[in-house]
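Beneath this line is the structure, given in structure tokens, with notes to follow.
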Amino acid sequence: MAQKIDSEKMILDEIFQMWFRIPEYQRAYVWDEDKVRELLEDTFEESEKHQDSQYFLGTLVLNRNRKSAQTQGSQTSVKYDEYDVLDGQQRLTTLYILWMVIRDLAMKQKNNLLVETCKEKIFQRENPYKNIPERMRLVFGIRSEVAKFIDHYAQVEGSTTEDAELFPKIRDDEHRNVSIRNMAGAFHEVHTFLQKHLDSLDQYAAFMFMHVLLIYVSSENLQDAFQMFTVLNNRGVKLSNCDILKAENLKEVHDERQQQQYAREWEEMESYFAENFDNFLSQIRMILMKKRQLYNLLKEFDDGIYAGRVYNRATKEYEFQAPLLKRGSDTFEYIDKYFEYYKEIFDTNYSGDGIAIQNLLILMKTLYSDFWMAPVLDYYRKFGYDKFYVFLRKLDAKFSADIITGESPTQRVENMNAVLQMIDKSATPADVLASQVFDFSAEDLIAALNSNIYSKKHAKYIMLKIDLLYHGNTELFSVPSTVSIEHILPQNPRPDSQWAKDFTEEERDEWTNKLGNLMLLSRRKNSSLSNLDYADKAKRYFDNNIELFSNSVNIYQKHKTWTLQDLTDNHEEIMRRLKESYGIK
């Protein structure tokens, strides 16, 4: 039976007769004071100019849950709807803070009716005669210290005016929780703003309650609610696949302390990976399923990992196998295990022979595709550092060769899945390393490397690979934030330059964009230098202390001229090193 989806336009007076919860999987309260001020200024201006008009503030997307509670001494439970906030947390929290500050300023004005009106929107006191339980209008499940902070100001009348001077100190305390810091900033901004407009406080409050509205959409089905969220999200902070996956799995953890621990660990991973967290989860999916992703990440987890429902492209039918993971603790433990592997691999400060591992990982991370990470994580899970560098070299050679020779993204993924399958069935590192899964066409790779490489998407990676070959592994290889590829023989030399004398037009057409004529600079190209004759260019680069890469230094130290012979000699030397790197004899 289809789940009921509710949708309604409601004024804030009605909205704050409902019960809301900021769930564990939600992100922090992130609105800064500028954002809070923008809301206040916009709504206040409307209250001054258009007192009888409606002002649309945005959309709430909610997951409806049926709750029960009872008062002290009562044997009868009261049923009520509580709504997990999927979208609209930032606006809803800011409005909640606004009611507290209005309440406390109204107390100073002895406006008892406004005080009571605000109190109804903040906190419901217990009434055993009506079997009404004590309840906050907005409950924070994200962190206990956050809930404790805001609940204090919600429950203690006059507290926001008493602590008005304290809020900036809390806001600026880097050791406090980020939600608390931003909430303190919001309290400060709201209090400062309303102090300037105390004469209009009554009018502004009435406008906010009766003329400002939100559209809310809710469903009892979490997945439906999240689907609505992705479609209807307006200007809140978007939830990603990682947020939804966390929500689904936290629901299956019934021990509250364990649930909070998993939520904190997930938050750590989110902070670590930032916008790349979904990519990390995709690596986990790839390790588990060892098949190309056909659907979005959530469906792959739901169908393939949790239900064991896998599509067979050969038969064009779905097949069922044993689930790969269980929801809840099993999922959190599995993902956290690979997070620890990731940090051990990529965050270790290697020394001695380990520098070669670190340098190669730095190089591989410059590739614009990261399907290779899943085999790295899974090999480390099974074999640790045993033959790890040899494995990385083979994997780098295979993955980059597939890119350079023009293999399709689909085939590149399938090739990495083949490596994962080989790791899974191998008893020793030697079994993996001897496998044909690392094979590629040496002939096609050599042809691609000998072609005009400059305009290719992978040119930067190849040039950095060359530089690492010259750099060696005695010290750490670092890649500057700005890297540009420079032509030695310019693309458009002046007709009266030495370049025009040393190279025919046909020779320039053939060699200008090939590897032998390219070098790296650790800053953006300087067009004023690029067309200089070779000797002048070399002098200017060194005299101006332009940071040169190892290969660039080698070129200028080794070649006092740049004729066709110099260029082809350099090209042949580079190709020799690259062939050796790729294991091509």
Side-chain angles (χ1 to χ4, degrees), residues 241-242 245 265-266 269 272-273 276-294 297 300-301 304-306 308 310 321-326 330-348 350 354 356-358 360-365 367 369-403 407 409-440:
N241 288 320
C242 62
L245 193 64
E265 291 172 351
W266 194 277
M269 287 188 284
Y272 180 93
F273 288 107
N276 293 319
F277 192 23
D278 275 5
N279 287 350
F280 174 70
L281 294 176
S282 292
Q283 306 294 343
I284 301 298
R285 184 218 67 84
M286 189 173 172
I287 290 167
L288 282 162
M289 297 190 68
K290 301 175 180 62
K291 294 180 181 293
R292 179 167 63 91
Q293 185 168 324
L294 298 176
L297 184 65
E300 292 276 323
F301 263 85
I305 292 173
Y306 295 137
V310 180
Q321 58 188 29
L324 300 170
L325 277 183
K326 295 179 181 178
D330 192 32
T331 295
F332 286 116
E333 298 288 348
Y334 190 87
I335 293 174
D336 187 63
K337 177 178 66 176
Y338 274 93
F339 177 48
E340 292 303 317
Y341 295 153
Y342 188 99
K343 290 188 293 184
E344 289 170 15
I345 294 168
F346 292 100
D347 291 353
T348 296
Y350 295 88
I357 293 174
Q358 190 166 6
L360 187 50
L361 289 170
I362 290 169
L363 173 67
M364 294 173 75
K365 285 183 117 178
L367 286 160
S369 178
D370 62 358
F371 299 129
W372 57 270
M373 283 191 179
V376 169
L377 290 167
D378 209 39
Y379 181 95
Y380 182 83
R381 182 266 312 170
K382 190 165 187 177
F383 301 115
Y385 285 114
D386 191 0
K387 305 291 185 185
F388 191 50
Y389 179 60
V390 180
F391 170 77
L392 286 179
R393 285 195 61 174
K394 280 185 167 287
L395 187 70
D396 170 62
K398 171 60 178 172
F399 192 74
S400 63
D402 283 353
I403 289 177
E407 287 280 17
T410 298
Q411 188 58 53
R412 296 203 305 267
V413 174
E414 294 291 16
N415 291 343
M416 291 299 101
N417 282 324
V419 177
L420 284 168
Q421 292 163 15
M422 180 53 61
I423 293 170
D424 193 46
K425 66 184 182 182
S426 294
T428 67
D431 295 334
V432 179
L433 299 175
S435 170
Q436 294 180 342
V437 295
F438 299 104
D439 291 352
F440 56 86

Open item on the list: Any non-hydrogen side-chain atom of M416 less than 4.5 Å from a side-chain atom of V419?
Closed with: yes
- [ ] With the side chain counted from C-beta on, respond yes when F388 and F383 share a heavy-atom pair under 4.5 Å apart, and no when they do not.
- [x] no
Task: Y385-Y380 aromatic ring centre distance below 6.0 Å - done: yes
Task: For K398 against V437, the heavy-atom pair lying closest together - done: CE-O, 3.6 Å
Task: Name of the residue among D402, L392, L395, L377 meeting side chain to side chain contact (heavy atoms under 4.5 Å, CB included) with W372 - done: L395
- [ ] Considering non-hydrogen atoms only, spot the tightest contact between D396 and L367 and give its length.
- [x] OD1-CD1, 4.5 Å
Task: Note, Q283 side chain near Y342 side chain (heavy atom, < 4.5 Å) - done: no
TODO: Run the numbers on F339 and F273 for ring-ring contact (aromatic ring centres under 6.0 Å, His included), then give the verdict.
DONE: CA-CA 10 Å; F339 177 48; F273 288 107; 5.7 Å; yes
Open item on the list: Under 6.0 Å between ring centres: does that hold for Y338 and Y341?
Closed with: yes
TODO: Go through K365 and M373 one step at a time and tell me if the side-chain contact (heavy atoms from CB on, under 4.5 Å) criterion holds.
DONE: CA-CA 9 Å; K365 285 183 117 178; M373 283 191 179; 3.9 Å; yes
Task: Side-chain touch K387/Y379, heavy atoms, less than 4.5 angstrom - done: yes
- [ ] Output every pair passing salt bridge (charged side-chain N to carboxylate O under 4.0 Å, His left out) with a member in residues 370-382, not counting sequence neighbours, ordered by first then second residue.
- [x] D378-R381
Task: CD on Q411 to CZ on R292, rounded to 0.5 Å - done: 10.0 Å
- [ ] Indicate the atoms forming the closest heavy-atom contact of P429 with D386, along with that distance.
- [x] CG-OD2, 3.5 Å
Open item on the list: Would you say that M286 contacts L420 through its side chain, given a criterion of any heavy-atom pair below 4.5 Å between the two side chains?
Closed with: yes
- [ ] Kindly give the heavy-atom pair with the smallest separation between N417 and K291, and that separation in Å.
- [x] ND2-C, 3.3 Å
Open item on the list: Any side-chain to backbone donor/acceptor pair from K290 onto A418? Under 3.5 Å, distance only.
Closed with: no
Task: Distance, nearest 0.5 Å, that separates CZ of R412 from OG of S369 - done: 5.0 Å
Task: Donor-acceptor under 3.5 Å (S426 side chain, T428 main chain) - done: no
Open item on the list: Using 0.5 Å steps for rounding, measure from the CG atom of L245 to the OG1 atom of T331.
Closed with: 7.0 Å
- [ ] Please report the closest heavy-atom contact between L281 and F301, naming both atoms and the distance.
- [x] O-CE1, 4.0 Å
Open item on the list: For Q321, give me all partners under side chain to side chain contact (heavy atoms under 4.5 Å, CB included), at least two apart in sequence or on another chain.
Closed with: V310, L324
Task: Cationic N near anionic O, under 4.0 Å, R285 to E300 - done: yes
Task: Pairs where residues 331-341 contributes a residue and the test salt bridge (charged side-chain N to carboxylate O under 4.0 Å, His left out) is met, not counting sequence neighbours - done: E340-K343
TODO: In sequence, state the C-alpha distance, the side-chain angles, and the governing distance for T348 and Q358, and then conclude on side-chain contact (heavy atoms from CB on, under 4.5 Å).
DONE: CA-CA 8 Å; T348 296; Q358 190 166 6; over 6 Å; no
Task: Plane angle bin for F371 and F399 - parallel if under 30°, tilted between 30 and 60°, otherwise perpendicular - done: perpendicular
Task: Distance in Å, N415 CG paired with D439 CG, rounded so as to fall on 0.5 Å steps - done: 10.5 Å
Task: Taking every non-hydrogen atom, the tightest pair across Y306 and L325 - done: CD2-O, 3.4 Å
Task: Euclidean distance, Y334 OH relative to K326 NZ, rounded to 0.5 Å - done: 15.0 Å
